[in-house]
J.: 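Input: one structure, supplied below.
Just so it is clear, the values below take in all heavy atoms, side chains as well, and ignore hydrogens, waters and symmetry mates.
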Amino acid sequence: MSRSARSRGKRPAPDGGAGGRAGGTGAVRIALVVLGTATAAYGGSLMPRPGPVLPWLVAGPLLHDVLVAPLIGLVGLVLGRLVTDRTARTWIGAGLTVTATLLVIAVPLLWRPAPAPPNPGLQDRDYLVQLTVWLAVLWAGLAIGYRIRRRATRGRVDGEPDR
């Protein structure tokens with residue numbers, strides 16, 4: 001094993017080289033791209049009028065790639081510098097991921113509460129209150145889970161298996 005691989009804690013590839021892709025990885029990727037493209041084309045063929053939906057289909061991924069993903073990456077980078085406990089970073093990262101997902105779902109309903117004719121049972125809710133409650137329950141649950149995990153692993157030596 002080379003000294004640099006040992007210092008990083010990595011094992012060398014079985015063939016003795018630096019490691020690389022497995023033989024079938026390229027074929028699997030191509031198959032997945034073809035399958036995904038065919039599925040998207042089939043879904044698009046089922047839309048009777050794609051005109052009103054087209055801006056959302058373009059703006060959603062664009063907004064995600066330009067704004068949401070870099071913002072989440074920046075928050076993760078800052079948290080990585082501020083929070084030194086690895087376990088806490090894991091719990092906070094999970095909480096931020098779920099929070100971002102809830103916000104992506106809730107923002108359209110908060111921004112434009114009645115974009116379509118009212119649907120009994122859906123439009124008669126107070127989404128801001130519900131989002132706030134869900135986020136409070138999420139972060140309280142994460143805090144409790146983190147405390148339980150820390151208490152369970154307190155005093156254990158690194159490398160010792162979980163019970």
J.: Could you grab the distance from atom CZ of R86 to atom CH2 of W91, nearest 0.5 Å is fine?
T.: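 Spacing of CZ (R86) from CH2 (W91) equals 15.0 Å.
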
J.: Identify the heavy atoms of L128 and T132 that sit nearest to each other, and give their distance.
T.: O-OG1, 2.7 Å

J.: Go through the structure and list residues passing side chain to side chain donor-acceptor pair (under 3.5 Å) with W134, not counting sequence neighbours.
T.: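 For W134, no residue satisfies side chain to side chain donor-acceptor pair (under 3.5 Å) once neighbours in sequence are set aside.
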
J.: Report whether L131 and V68 are members of the same hydrophobic cluster (ILVMFWY, side-chain heavy atoms less than 4.5 Å apart, transitive linking).
T.: no

J.: Would L96 and L79 satisfy side-chain contact (heavy atoms from CB on, under 4.5 Å), going step by step from the backbone distance to the final call?
T.: CA-CA 11 Å; L96 287 174; L79 278 174; 3.2 Å; yes

J.: Return a table of donor-acceptor pairs under 3.5 angstrom between the side chains of residues 97-106 and protein atoms on other chains or two or more places apart.
T.:
| unit_1 | atom_1 | unit_2 | atom_2 | d |
| --- | --- | --- | --- | --- |
| T97 | OG1 | G93 | O | 2.8 |
| T99 | OG1 | G95 | O | 2.7 |
| T99 | OG1 | W139 | NE1 | 3.0 |
| T101 | OG1 | T97 | O | 2.9 |

J.: Treat each ILVMFWY residue as a node, draw an edge where side-chain heavy atoms are under 4.5 Å apart, and state whether V83 and I72 are in one component.
T.: no

J.: By the rule that ILVMFWY residues connect when side-chain heavy atoms come within less than 4.5 angstrom, directly or transitively, which residues belong alongside L63?
T.: L67

J.: Could you pull out all donor-acceptor pairs under 3.5 Å where a side-chain atom in residues 31-44 meets a protein atom, sequence neighbours excluded?
T.:
| unit_1 | atom_1 | unit_2 | atom_2 | d |
| --- | --- | --- | --- | --- |
| T37 | OG1 | V33 | O | 2.8 |
| T39 | OG1 | L35 | O | 2.8 |

J.: Is Y127 reachable from L138 through a run of I, L, V, M, F, W or Y residues, each pair having side-chain heavy atoms under 4.5 Å apart?
T.: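 Yes.
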
J.: Run the salt bridge (charged side-chain N to carboxylate O under 4.0 Å, His left out) test against R150 and tell me which residues pass, sequence neighbours left out.
T.: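 Listed in chain order: D85.
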
J.: Suppose clustering is done on Ile, Leu, Val, Met, Phe, Trp and Tyr with side-chain heavy atoms closer than 4.5 Å. Which residues sit in the same group as L71?
T.: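 Besides L71, the cluster holds no residue at all.
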
J.: If you round to the nearest 0.5 Å, how far is CG of L110 from CD of Q130?
T.: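 So the gap between those two atoms works out to 10.0 Å.
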
J.: Among all residues two or more places apart in sequence or in another chain, which pass the side-chain contact (heavy atoms from CB on, under 4.5 Å) test with A94?
T.: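 Result, side-chain contact (heavy atoms from CB on, under 4.5 Å) vs A94: none returned.
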
J.: Report the residues that fulfil side-chain contact (heavy atoms from CB on, under 4.5 Å) with R151, sequence neighbours left out, ordered by chain and then residue number.
T.: R147, R154

J.: Please enumerate all residues that pass side-chain contact (heavy atoms from CB on, under 4.5 Å) together with V58, with sequence neighbours excluded.
T.: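 If we apply the side-chain contact (heavy atoms from CB on, under 4.5 Å) test to V58, skipping adjacent residues, there are no hits.
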
J.: Rest of the hydrophobic cluster containing L62 (Ile/Leu/Val/Met/Phe/Trp/Tyr, side-chain heavy atoms under 4.5 Å)?
T.: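 Its cluster mates, by chain and number, are V66.
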
